[in-house]
Amino acid sequence: MKTSSPMKWFVSREGLYYLGLAALLVIILPLLLDPFRLNMVGKYLTYAFVAIGLVMCWGKAGILSLGQGVFFGLGGYCMAMFLKLEASSPENTAIQSTPGIPDFMDWNQLTALPWFWEPFHSFSFTLLAVIGVPVLLAFVIGLAMFTRRVGGVYFAIITQAIAAVLTILIIGQQGFTGGVNGITDLQTLKGWDIRTDEARTTLYFICVGMLFLCLFVARFVQNSKLGRILVAMNAQETRVRFSGYDVAAFKIFVFCLAAAFAGVGGAMFTLIVGFMSPSFIGIVASIEMVIFCALGGRLSILGAVYGALLVNAAKSGFSESFPELWPFAMGALFIGVVLAFPNGMAGLYQSYVMPLEDKIFKRKKVKATAAAEPQAVKPTVEKADDYDPMIDNYSPEKS
Amino acid sequence: MGTTDTTASGRSFGKGLGFRKSLMTLAASVMLATSAQAATPSTAEVNTTGLAVTDDTVTVGILHSITGTMAISEIGSVQAEKLAIKQINESGGVLGRQIDFVQEDGASDWPTFAEKSRKLLRQDNVAAIFGAWTSASRKAVLPVMEQYNGMLYYPTFYEGLEQSPNVVYTGQEATQQILASLNWAAETKGAKSFYLLGSDYIWPRTSNKIARKHIEDKLGLKVSGEEYYPLGHTQFNSVINKIKLKKPDVIFASVVGGSNVAFYKQMKAAGIDFTDEKPLLLTISVTEDEIRGIGGENVDGIYASMKYFQSLDNANNKEFVAAFKEAYGDDMVIGDVTQAAYLGPWLWKAAVEKAGSFDIDKIREEFAGIEFKKAPEGYVRIHENHHLWSKTRIGQAQTDGQYKVVYETEELMEPDPFPEGYQ
């Protein structure tokens with residue numbers, strides 16, 4: 001990517017993919033859909049944050065985490081705690097035995113706000129916590145696992161166990177967490193009613209903005225030397241280690257990065273959906289997140305976004321059309337995709353659409369450049385600037 | 001109706017009957033025709049808020065889990081609601097309109113409930129929603145109902161501590177279900193000590209809180225233990241040992257769902273016989289539906305405190321059970337919540353007709369005092385706090401999976417979702 005100008009990047013093939021996604025999310029969908037449907041798309045997009053993290057962590061670096069729901073949930077709960085405190089003003093909760101604390105605490109006979117809820121009165125602390133808490137947990141897990149060289153299936157199982165533990169903890173400590181009900185009835189964000197159509201639409205655009213921010217961070221990482229080391233590590237971990245790199249540090253970094261993305265997604269989810277509950281952070285939810293990523297293509301960050309969109313849209317669509325049979329339709333979709341396109345939609349795109357595109361794209365490009373500025377063409381730089389699917393989609397099976 | 005009568009009177013003219021008689025017939029048919037017209041007022045008049053009401057139909061929503069862990073419980077509610085809608089349609093509909101319904105699946109997932117309720121209110125503009133089962137799903141739906149001014153008819157017995165202008169609670173709240181049964185255990189069975197246990201979420205915890213206050217403060221008796229187990233827990237050996245050690249007179253159980261199967265089987269395997277006088281097992285969570293899963297032989301002799309049992313001996317209930325079995329098969333059982341779900345569409349119809357309008361705000365004004373005399377549980381009436389007056393009944397489980405009613409309160413109990421002195 002070197003020193004190319006931003007303008008040039010936007011007309012490169014990779015840039016066009018990003019522009020295409022941006023056009024879809026910023027122009028096409030908002031024009032086509034009413035606020036209700038747009039809000040649902042916003043919800044789907046919050047899962048895309050997790051899927052992007054999984055592409056980095058699992059697709060690139062080969063660390064399969066089956067506990068991404070944990071980080072999604074932590075981000076979401078941090079945001080929900082802030083919103084809940086705002087919704088539990090003494091006037092709003094005058095009916096309770098102890099006014100001024102969240103309703104579920106009152107039901108559970110708590111008479112004072114627990115200490116760890118106190119900082120969530122502050123919005124800036126909440127914003128920090130949305131990323132900080134998931135990253136901190138990921139760091140601790142990563143440190144404990146990767147420095148001991150725990151990896152592969154063992155790591156997957158441990159992350160899954162953590163998802164189970166956190167769910168049980170949250171459900172069990174209902175006085176502090178709202179238990180299985182979750183944290184519900186969230187109303188305003190710093191006085192701004194998040195339940196109106198306008199607010200939901202605004203939140204959708206904020207979500208899209210954050211998503212692109214995460215996409216660019218992920219893209220930056222994958223194109224940097226760090227990204228190449230991650231891929232190398234996935235293919236030949238021992239060789240990377242013997243070359244003098246601290247493999248554990250790289251793994252911890254990418255795991256924390258994925259956790260940060262998931263945390264942001266969780267916080268956006270809470271804002272868009274209006275509540276948080278343990279059902280999004282458990283084992284099933286975490287595995288679903290891996291499916292979003294696998295369906296989109298586990299090596300492509302853009303594919304992950306489409307994967308999250310498609311799976312969730314299918315889920316809503318199927319369940320509305322055949323309320324009694326939709327789980328079977330979803331199952332068929334998963335099985336079909338895995339059997340037919342093991343590299344997900346991105347793989348499908350690469351093998352079928354891309355060659356076609358190549359024909360049209362190249363012919364046009366040659367003509368255009370030849371006509372406009374014949375002597376300015378530097379083929380080698382052009383090539384490096386271009387989106388190289390082999391690098392982006394490097395997979396150990398191919399080597 | 002109007003048309004039939006006009007032709008009948010026309011025919012009587014043709015037959016040359018006496019002038020006076022034909023005049024009377026004519027007058028009668030005119031009256032009938034006008035009354036039929038009054039029964040189907042214009043849409044503009046009964047729907048000023050843009051609900052899905054046409055000249056012939058009105059659309060309502062059914063929102064339950066038909067997939068996921070709650071499906072086994074909620075399918076009975078769906079069946080009951082559909083049956084009620086079908087019966088209402090056959091008897092002429094609501095304000096002369098046939099009821100159409102849109103069904104959505106909450107998938108045992110609380111946010112899905114919220115999303116689907118928003119869809120029903122925003123996209124389908126339904127005039128009422130019948131649905132939700134767990135408190136978690138109700139809590140998720142509640143803000144949506146309040147935001148878009150929908151009306152939810154919620155059928156499950158629950159913990160109380162809630163009173164929304166956008167919900168009608170057709171099941172019992174905690175005090176209705178608990179207080180009478182504890183009094184009964186103390187008075188009739190001479191119970192002195194109680195062991196409280198339940199699944200670990202808000203409903204059992206709140207129910208036990210009310211039970212403990214009542215046992216200790218009002219009855220002056222002893223609570224010898226209180227314990228909770230996570231949802232889905234299947235190892236009850238330690239609590240069984242404690243029960244054997246402490247020998248309580250009553251085990252007051254609010255274990256829910258699949259845990260019940262393990263709980264009752266392990267109790268039986270440990271040699272605790274519920275057909276003995278002591279310990280007496282009093283549950284507030286095992287309906288006929290759950291017994292199907294647990295097996296009648298494992299719950300033989302336990303007592304349940306509910307407002308409805310399938311075995312209730314009254315004409316309304318016999319008609320209801322027969323209609324339910326005709327619609328869904330002879331092997332169906334009907335539990336407390338299923339009956340409460342059946343009440344929803346009927347109460348809605350009564351409220352709409354009393355208000356003369358489908359508009360939620362107008363209906364809400366009319367709730368207090370609305371009654372349903374044909375209720376399978378006997379008779380119900382809506383309290384101004386949106387809960388139902390109802391009787392509490394104690395049934396003893398038989399090996400065939402049915403309850404035999406051994407006690408019922410004489411009067412309807414007043415719903416009290418925010419009980420003073422019990423919080």
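In what follows, every chain begins at residue 1, and chains take the letters A, B, ... in the order their sequences are listed.
Proximity of Asn181(A) to Ile202(B): side-chain heavy atoms (C-beta onward) are separated by under 4.5 Å at one or more points. Put simply, the side chain of Gln123(B) does not reach to within 4.5 Å of the side chain of Glu320(A), judged on heavy atoms.
Residues Lys209(B) and Asp106(A) come closest through the heavy atom pair NZ-O, 4.4 Å. Shown here for Val180(A) and Tyr201(B), the closest heavy-atom pair between the two residues is CG1-CB, 3.9 Å. The two atoms that bring Phe275(A) and Ala140(B) nearest to each other are CZ-CB, 3.6 Å, heavy atoms only. Smallest separation of non-hydrogen atoms from Asp197(A) and Arg122(B): OD1-NH1, 3.0 Å. Scanning both residues, Gln174(A) and Asp200(B), for their nearest heavy atoms gives NE2-OD1, 2.9 Å.
Ser319(A) and Lys116(B) share a donor-acceptor pair across their side chains, judged by distance under 3.5 Å alone. When only modelled atom types and interatomic distance are considered, Glu115(B) and Asn39(A) share no side-chain donor-acceptor pair under 3.5 Å.
There is no contact between Met276(A) and chain B, counting heavy-atom distances below 4.5 Å. With a 4.5 Å cut-off on non-hydrogen atoms, Tyr148(B) touches chain A through its side chain but not through its backbone. In this structure, the portion of Thr196(A) lying under 4.5 Å from any heavy atom of chain B is its backbone and not its side chain. For Phe104(A), no part sits under 4.5 Å from any heavy atom of chain B, backbone or side chain. In this structure, chain A has heavy atoms under 4.5 Å from both the backbone and the side chain of Arg118(B). The part of Lys43(A) that comes within reach of chain B is its side chain, from C-beta onward, which places non-hydrogen atoms under 4.5 angstrom from that chain.
Listed options Glu146(B), Arg205(B), Lys119(B) were ranked by heavy-atom pairs under 4.5 angstrom with chain A; first place goes to Lys119(B). Ranked by heavy-atom pairs shorter than 4.5 Å toward chain A, the options Ala136(B), Ala107(B), Ser135(B) are led by Ala136(B).
With rounding to the nearest 0.5 Å, the separation of OG1 in Thr184(A) from CG in Leu142(B) is 8.0 Å. Atom OG1 of Thr67(B) and atom CZ of Phe328(A) lie 9.5 Å apart (nearest 0.5 Å).
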